[in-house]
Amino acid sequence: QVQLVESGGGLVQAGGSLRLSCVVSGRTFSSYSMGWFRQAPGKEREFVVGISRASADYADSVRGRFTISRDNAKNTVYLQMNSLKPEDTAVYYCAARLGYYSGYVADYEYWGQGTQVTVSS
């Protein structure tokens, strides 16, 4: 069974930065593509960024401000978020799937519990 645990969320002022972490249990972390999604109140869960072994793709809304990385030795994927805006406020989820990364919620088999990010204006 694969388990994902996010951390690093919190309250930050607009223009600030946060780094989210997602630790994945299991010994085959390197086989998984990882994604970060977010869900604001009253809205659907949306794709933020996905990463496979050597490539990543970002939603237009975060490109240039957010950076995803992974450390296979630590079974961890990170999301560095800079220049945060109030509209980035949401619960952020990491997700894992075998195969190439995807921008669709339904394509991911495993999900973390989420971590709240709140950006004040």
Side-chain angles (χ1 to χ4, degrees):
Q1 182 71 14
V2 177
Q3 293 185 325
L4 288 69
V5 179
E6 301 101 334
S7 62
L11 173 64
V12 64
Q13 288 187 334
S17 298
L18 284 174
R19 188 176 81 154
L20 306 183
S21 300
C22 174
V23 179
V24 182
S25 66
R27 293 176 289 181
T28 59
F29 173 71
S30 60
S31 300
Y32 288 92
S33 292
M34 302 298 299
W36 284 97
F37 291 76
R38 66 186 181 186
Q39 188 166 19
K43 295 187 177 181
E44 294 187 352
R45 194 169 297 188
E46 65 174 7
F47 172 76
V48 175
V49 59
I51 186 169
S52 294
R53 290 190 176 187
S55 61
D57 191 28
Y58 296 84
D60 289 343
S61 59
V62 306
R63 187 174 290 112
R65 299 187 297 122
F66 290 12
T67 304
I68 191 172
S69 60
R70 63 188 299 163
D71 185 338
N72 290 338
K74 295 183 178 180
N75 282 19
T76 302
V77 62
Y78 303 98
L79 182 64
Q80 178 67 43
M81 306 185 295
N82 299 328
S83 302
L84 282 161
K85 304 175 181 180
E87 51 263 45
D88 295 318
T89 295
V91 177
Y92 283 71
Y93 298 89
C94 69
R97 71 183 303 266
L98 292 173
Y100 207 67
Y101 66 76
S102 168
Y104 297 99
V105 170
D107 287 343
Y108 287 81
E109 294 101 344
Y110 305 103
W111 290 84
Q113 82 289 350
T115 185
Q116 176 71 47
V117 171
T118 303
V119 184
S120 63
S121 58

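In this text, all values refer to a predicted model and were calculated from it rather than measured experimentally.
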Legend entry - side-chain hydrogen bond (donor to acceptor under 3.5 Å, both in side chains) between Y108 and R97, intermediate numbers included: CA-CA 5 Å; Y108 287 81; R97 71 183 303 266; 5.6 Å; no
Legend entry - More than 12 heavy atoms from other groups under 6.0 Å of OH on Y104: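 It does not: Y104 OH has 12 such atoms or fewer within range.
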Inset, instruction - Return yes when atom CZ of R53 has more than 12 non-hydrogen atoms of other residues, nucleotides or ligands closer than 6.0 Å, and no otherwise. - result: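 12 or below, so no.
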Legend entry - Interatomic distance, W36 atom CH2 to L20 atom CG [nearest 0.5 angstrom]: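 Rounded to the nearest 0.5 Å, the CH2-CG separation comes out at 4.5 Å.
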Inset, instruction - Please determine, by modelled atom types, if S55 and Y101 share a side-chain donor-acceptor pair under 3.5 angstrom. - result: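 There is no such pair between these side chains.
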Inset, instruction - Please list all pairs passing the disulfide (SG to SG under 2.5 Å) test where one or both residues lie in residues 51-86, with sequence neighbours left out. - result: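 Those involving residues 51-86 do not exist here.
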Inset, instruction - Would you please name every residue forming a side-chain hydrogen bond (donor to acceptor under 3.5 Å, both in side chains) with R70, sequence neighbours left out? - result: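 Scan of R70 (side-chain hydrogen bond (donor to acceptor under 3.5 Å, both in side chains), adjacent residues dropped) gives N72.
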Inset, instruction - Would you indicate whether the side-chain heavy atoms of V23 and Q3 approach each other to under 4.5 Å? - result: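 Side chain of Q3 against side chain of V23, heavy atoms only: no contact under 4.5 Å found.
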Inset, instruction - Could you check if a side-chain atom of V2 sits within less than 4.5 angstrom of a side-chain atom of Y32, using non-hydrogen atoms only? - result: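 Contact flag for V2/Y32 side chains = yes.
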Legend entry - Candidate pair T89 and Q116, rule side-chain contact (heavy atoms from CB on, under 4.5 Å), full reasoning: CA-CA 8 Å; T89 295; Q116 176 71 47; 4.0 Å; yes
Inset, instruction - Verify side-chain contact (heavy atoms from CB on, under 4.5 Å) between Y78 and I68, making sure each step is shown before the conclusion. - result: CA-CA 6 Å; Y78 303 98; I68 191 172; over 6 Å; no
Legend entry - Stepwise side-chain contact (heavy atoms from CB on, under 4.5 Å) check, V62 with R38: CA-CA 12 Å; V62 306; R38 66 186 181 186; 3.9 Å; yes
Legend entry - Cation-pi, F37 ring and R45 (6.0 angstrom, 45 degrees):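 No - R45 does not lie over the ring of F37 by the 6.0 Å and 45° rule.
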